[in-house]
Amino acid sequence: MPELPEVETIANGVDRRVRGDRIVKAWFSHYREPFKTPPAAMAETLPGLRISRVRRVGKHIVIDLAAKKQLLVHLGMTGRLLVAAPEVPVPAHTHAILQLGSGRELRFVDPRRFGRLELLEGAAFAGPGSEPLTIGIDEFVALFRGRKLAIKAALLHQSLLHGVGNIYADESLFRAKIRPTRAAGRLNRERLGRLQKALRTVLEAAIRAGGSSVSDYVDADGEAGFFQIQHRVYGREGLPCRVCGTPIRRIVLGGRGTHFCPRCQT
DNA sequence: CTGACATCCTGACGGC
DNA sequence: TGCCGTCAGGATGTCA
């Protein structure tokens with residue numbers, strides 16, 4: 001489940017490998033998804049364009065191209081963006097192959113097709129919400145003002161903060177000692193301040209943890225799973241809280257599995 | 001507008 | 001062992 005740290009790490013890894021390279025040819029699968037831009041239009045436009053940079057915005061990978069064009073990649077649940085030599089076998093569920101001037105290929109693989117590919121022309125992509133790593137406390141507090149939905153659901157709302165997914169929402173709420181079901185608009189500034197700091201801390205720790213293993217995701221066949229920092233609550237239902245020993249509880253909130261310590265988080 | 005919920009999709013996993 | 005049902009969730013669309 002790629003969230004901000006995984007997307008950041010993958011974008012950086014791909015950037016190092018393809019920056020400055022030129023797209024020679026573009027191939028796409030015949031499925032309707034994961035394409036937001038018709039594949040025929042992308043196959044027409046992309047060849048000849050140089051890749052100036054690959055970066056992350058929210059959970060999107062932005063491939064900056066010449067002529068103010070941008071290829072947007074969203075990995076969804078199961079998407080992978082791989083850099084491979086042509087002789088490396090093409091994995092099942094490959095939906096895009098960009099042949100590069102260097103001889104390498106940039107491949108997009110996505111079994112469940114929850115991911116998205118989109119070609120933008122003109123305006124720089126800014127993402128749907130605010131950046132969790134750089135947002136200030138005042139803006140952070142303002143995001144949730146007056147909102148009645150649960151803070152966990154609010155954290156997942158990409159038009160508020162983009163890049164936060166289910167795992168780091170749970171992990172940051174645990175570190176901030178906030179119950180996921182609390183109404184977002186009823187949390188005071190002090191608690192929201194803790195949440196903002198916890199969110200940034202856990203995301204940055206995950207980015208650091210991912211730095212060393214990016215090759216497995218970008219260069220290899222993508223068989224390896226995503227790296228993880230040690231989770232304190234996510235996926236630990238029934239196991240003792242690492243702080244107080246109380247069994248971690250799991251509920252469904254906003255249709256998503258939600259994990260918390262009933263004693264530490266209030 | 002806000003918020004709740006269904007939908008898409010395949011692979012992993014557990015039970016029998 | 002092997003089959004089958006269930007579950008996972010990011011973003012979007014629909015509805016109240």
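In what follows, chains carry the letters A, B, and so on, assigned in the order in which the sequence lines appear, proteins first and then strands, with residues in each chain numbered from 1.
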Select one nucleotide: of [options], the one nearest the side-chain heavy atoms of [X].
X        : options                : value
A:Leu149 : B:dG11, C:dG10, B:dG3  : B:dG3
A:His93  : C:dA11, C:dA8, B:dG11  : B:dG11
A:Arg147 : B:dG3, B:dT10, C:dG9   : B:dG3
A:Arg113 : C:dT12, C:dG10, B:dT10 : B:dT10

Could you state the [atom1]-[atom2] distance from [X] to [N], rounded to the nearest angstrom?
X        : N      : atom1 : atom2 : value
A:Lys152 : C:dG9  : NZ    : P     : 8 Å
A:Glu3   : C:dG9  : CD    : P     : 10 Å
A:Ile151 : B:dG3  : CD1   : P     : 11 Å
A:Lys59  : C:dA11 : NZ    : C1'   : 9 Å
A:Leu160 : B:dT2  : CG    : C1'   : 11 Å
A:Phe144 : B:dT2  : CZ    : P     : 14 Å
A:Lys148 : B:dA4  : NZ    : P     : 11 Å
A:Asp110 : B:dT10 : CG    : P     : 10 Å

Item to check | Ionic contact status for A:Lys36 with A:Glu118, cut-off 4.0 Å | outcome: yes
Next on the checklist: Please determine whether a side-chain nitrogen of the Lys or Arg among A:Asp64 and A:Arg55 lies less than 4.0 Å from a carboxylate oxygen of the Asp or Glu.
Outcome noted: yes
Considering just the side-chain nitrogens and oxygens of [X], establish if one lies under 4.0 Å of OP1 or OP2 belonging to [N].
X        : N      : result
A:His157 : C:dA11 : no
A:Arg112 : C:dG9  : no
A:Lys36  : C:dA11 : no

Checklist entry - Is the NZ or CZ atom of A:Arg112 positioned over A:Phe114's six-membered ring, under 6.0 angstrom from the centre and within 45° of the axis? => result yes
Next on the checklist: On the six-membered ring of A:Phe260, is A:Arg179 placed so that its NZ or CZ lies under 6.0 angstrom from the centre and within 45° of the ring axis?
Outcome noted: no
Checklist entry - Do you know the tightest heavy-atom contact between A:Pro2 and A:Lys59? => result O-CD, 4.1 Å
What nucleic acid atoms does [X] come within less than 4.0 Å of, heavy atoms only: base, sugar-phosphate, or nothing?
X        : answer
A:Arg145 : nothing
A:Tyr234 : sugar-phosphate
A:Gly254 : nothing
A:Gln158 : sugar-phosphate

Checklist entry - Which one is paired to C:dT6, where only Watson-Crick or G-U wobble pairs with both distances under 3.5 angstrom count? => result B:dA12
Checklist entry - Does any donor-acceptor pair link the side chain of A:Arg256 with the base of C:dG10 at a separation under 3.5 Å? => result yes
Checklist entry - Does the side-chain ring of A:Phe114 lie flat on the base of C:dA11, meaning centres under 5.5 Å and planes less than 30 degrees apart? => result no
Item to check | Most 5' of A:Ala153 and A:Arg116 on DNA chain B, judged by nearest nucleotide | outcome: A:Ala153
Next on the checklist: Is the distance between the ring centroids of A:Phe35 and A:Phe28 under 6.0 Å?
Outcome noted: yes
